[in-house]
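Proteins get letters first, then strands, A, B, ... in listed order; numbering begins at 1 in each.
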Amino acid sequence: MLDRRFVVENAELVHQNNSNRGVKADVHRLVELEKQRRARLLEVEELNRRKNEIAANIKKAKTQDERQPLIDEGRKVRERQDAAQAEHDELDRQVLDLLRVVPNLTHPEAPVGPGEEANREVRRGKHQPPQFTFKPLDHVELAEKHDLIDFESGAQVAGHGFYFLKNEAVLLELALQKYALDLLIAEGFTPVITPDLARDEVLQGVGFIPRGEATQIYSIENTDLNLVATAEITLGGMHAGKVLDAEKLPLLYCGVSHCFRTEAGAAGRASRGIYRVHQFTKVEMFAFTRPEESDATLERICALECRVFDGLGIPYRVVDTATGDLGGPAYRKYDLEAWMPGRGEGGEWGEVTSTSNCTDYQARRLDIRYKNKGEKGTHFVHTLNGTAVAISRALIAILENYQEEDGSIRIPEVLQPWVGKARIGGK
RNA sequence: GGAGAGGUGGCUGAGUGGUCGAAAGCGCCGGUUUGCUAAAUCGGUGAGCUCGAAAGGGCUCCGCAGGUUCGAAUCCUGUCCUCUCCGCCA
């Protein structure tokens, strides 16, 4: 959420930003309502002041005769105040409804454009896409060949979009987690395993919308709990309502969680196999920083994602996300897209990570602030998130890039210690 | 799941209708003292919003949301959370 005062004072800027991002929100109405709300607030405060004054006089009054008229007046003032308050609350509700739709501001260097076509490739990883001397299989065919993923049982037990990982795929999942965690722990990140469920309130604070028509979120009936779509939700909620010491920033976490997504409306989109599924495991980075460090932290997180995938030997490109393709809370976002030889005709790039600087947009709603020692007042922290490794997508990239002519699949060297072998099938 | 107890400022913790934005202690900031450190001592020290050029005002906040009242940290209702005991359980 943006600061309402900021919106009032920068209506044009906010309006322009909305249109760059393809968001329709009536900023001018928002400003108008907010001004009315403030006028009403002043009125409420004045009546409150009067009410307090009367109450103080009653306390001083000695006799019942002196007291009674004051009590009567006090009651009237309270009634007027209640009415004004109700009007204020209604205005406030309307303002918030509009404000919730307004996305974050955008980094000046982010490419401007309506959708992903406008994304800008900023660099490539160390490894080139492999040149196969044979027709490569896709991960579904490879998984079937080596009995790595059981889609049929997944569908039988939980429906389409669910799967059982089996055999080396299981070891690969665990190896990927361990690999990513070790790398991040060495970088000063605190490892955590987060809850897989979170309250409505937390989801909203982080910028997810539970329980709507088009929601991506599974909710638990008769509770205010939801299955998390990413550990970003739980990690962001971790310090909600807290005032953090400035000296302790930045706080860096790497959190492991399962991720659940309804993928409503995604049917029909190119998504064979485990590219788009209802459940997967992910190691997520999350940072709470001071405002002045957040841009640099985004670069750092992106660089770490690159290290993860360079280390795995997977070819990728880094993309600077265009305004129209940014999620509401993101100020700037980089995606890593790995080369997936089995995707489309002759291979395609497929998103494997995503890192965003959300500046103070999430912190304002989650009420996460920091305090400088010896200084009055508090400020909102900046929050950033980034995928270290989303297992299902990484698995696709590994299986498809590491396949060999005889149908076997090499295991990336960095994972071999945990998988306990160098190759799946073959020789 | 059942029974109890409790949620107060950065922390510990007092406070059962007005004198409470809230005692006291700790912490923190500044002064004095001190060879340095420590100790001692004095003073200061919550947050948000709002009016004002400033000085300085006003409003709100004692888990959260409502209610009663001229007046609520204090009474009532709901809700969330924490702790203890019992039950169940990997």
Using purine N1 to pyrimidine N3 plus N6-O4 or O6-N4 for Watson-Crick, or N1-O2 and O6-N3 for G-U wobble, both under 3.5 Å, which nucleotide pairs with [N]?
{"N": "B:rU77", "value": "B:rA65"}
{"N": "B:rC59", "value": "B:rG48"}
{"N": "B:rA3", "value": "B:rU84"}
{"N": "B:rC89", "value": "none"}
{"N": "B:rA14", "value": "none"}
{"N": "B:rU33", "value": "none"}
{"N": "B:rA53", "value": "none"}
{"N": "B:rG9", "value": "none"}

Spacing of the [atom1] atoms in [M] and [N] (rounded, Å):
{"N": "B:rG67", "M": "B:rA54", "atom1": "P", "value": "37 Å"}
{"N": "B:rG17", "M": "B:rG13", "atom1": "P", "value": "23 Å"}
{"N": "B:rG18", "M": "B:rA72", "atom1": "P", "value": "11 Å"}
{"N": "B:rC62", "M": "B:rG6", "atom1": "C1'", "value": "14 Å"}
{"N": "B:rA47", "M": "B:rG63", "atom1": "C1'", "value": "16 Å"}
{"N": "B:rU50", "M": "B:rG15", "atom1": "P", "value": "37 Å"}
{"N": "B:rU12", "M": "B:rC83", "atom1": "P", "value": "14 Å"}
{"N": "B:rC61", "M": "B:rG2", "atom1": "C1'", "value": "36 Å"}

Nearest-angstrom distance from the residue atom [atom1] of [X] to [atom2] of [N]:
{"X": "A:E43", "N": "B:rG58", "atom1": "CD", "atom2": "P", "value": "20 Å"}
{"X": "A:D92", "N": "B:rA65", "atom1": "CG", "atom2": "P", "value": "12 Å"}
{"X": "A:M238", "N": "B:rC81", "atom1": "CE", "atom2": "C1'", "value": "18 Å"}
{"X": "A:K60", "N": "B:rG71", "atom1": "NZ", "atom2": "P", "value": "17 Å"}
{"X": "A:I58", "N": "B:rA72", "atom1": "CD1", "atom2": "C1'", "value": "14 Å"}
{"X": "A:R369", "N": "B:rC49", "atom1": "CZ", "atom2": "P", "value": "9 Å"}
{"X": "A:H88", "N": "B:rC59", "atom1": "NE2", "atom2": "P", "value": "16 Å"}
{"X": "A:K242", "N": "B:rA47", "atom1": "NZ", "atom2": "P", "value": "18 Å"}

Step through the shown structure and confirm whether more than 12 heavy atoms of other residues, nucleotides or ligands are within 6.0 Å of [atom1] on [X].
{"X": "A:H28", "atom1": "NE2", "answer": "yes"}
{"X": "A:R80", "atom1": "CZ", "answer": "no"}
{"X": "A:E299", "atom1": "CD", "answer": "yes"}
{"X": "A:I209", "atom1": "CD1", "answer": "no"}

Taking it one step at a time, do A:E305 and A:M285 satisfy side-chain contact (heavy atoms from CB on, under 4.5 Å)? CA-CA 10 Å; A:E305 293 178 346; A:M285 295 176 263; 3.5 Å; yes
Polar atom pairs between nucleotides 75-80 of chain B and protein, under 3.5 Å, N or O only, would you list them?
unit_1 : atom_1 : unit_2 : atom_2 : d
B:rC80 : O3'    : A:R199 : NH2    : 3.2

Those residues at least two apart in sequence (or on a different chain) that pass side-chain contact (heavy atoms from CB on, under 4.5 Å) with A:P291 are A:Y370, A:H382
Can you identify which nucleotide, out of B:rG18, B:rG48, B:rC49, has its nearest atom closest to the A:L41 side chain? B:rC49
Which nucleotide in the list B:rG71, B:rU19, B:rC59 gets nearest to the side chain of A:K59? B:rU19
Using heavy atoms and a sub-4.0 Å distance, could you list which residues of residues 65-80 of chain A are near RNA chain B? By number, please. A:I71, A:G74, A:R75, A:R78
Looking at B:rA47, I'd like to know if its phosphate oxygens (OP1 or OP2) sit under 4.0 Å from a side-chain N or O belonging to A:K371. yes
Short side-chain N/O contact from A:N52 to OP1 or OP2 of B:rU60, under 4.0 Å: yes
So salt bridge (charged side-chain N to carboxylate O under 4.0 Å, His left out) across residues 219-233 of chain A, not counting sequence neighbours, yields A:R199-A:D224
Partners meeting ring pair (Phe, Tyr, Trp, His ring centres under 6.0 Å) with A:Y361 (sequence neighbours left out): none
Got a salt bridge between A:R369 and A:D367, using NZ or NE/NH1/NH2 to carboxylate O under 4.0 Å? yes
A:T106 meets the side-chain hydrogen bond (donor to acceptor under 3.5 Å, both in side chains) criterion, sequence neighbours left out, with A:N17, A:R21
Both A:N48 and A:R5 contact RNA chain B. Taking the nearest nucleotide for each, which residue is further toward the 5' end? A:R5
Ranking A:E45 and A:D82 by the position along RNA chain B of their nearest nucleotide, the one closer to 5' is A:E45
Are A:H239 and A:F286 an aromatic pair by the rule of ring centers under 6.0 Å? no
Give the C-alpha distance, both sets of side-chain angles, the deciding distance and a yes or no for side-chain contact (heavy atoms from CB on, under 4.5 Å) between A:E404 and A:R423. CA-CA 10 Å; A:E404 308 226 308; A:R423 184 177 295 274; 2.9 Å; yes
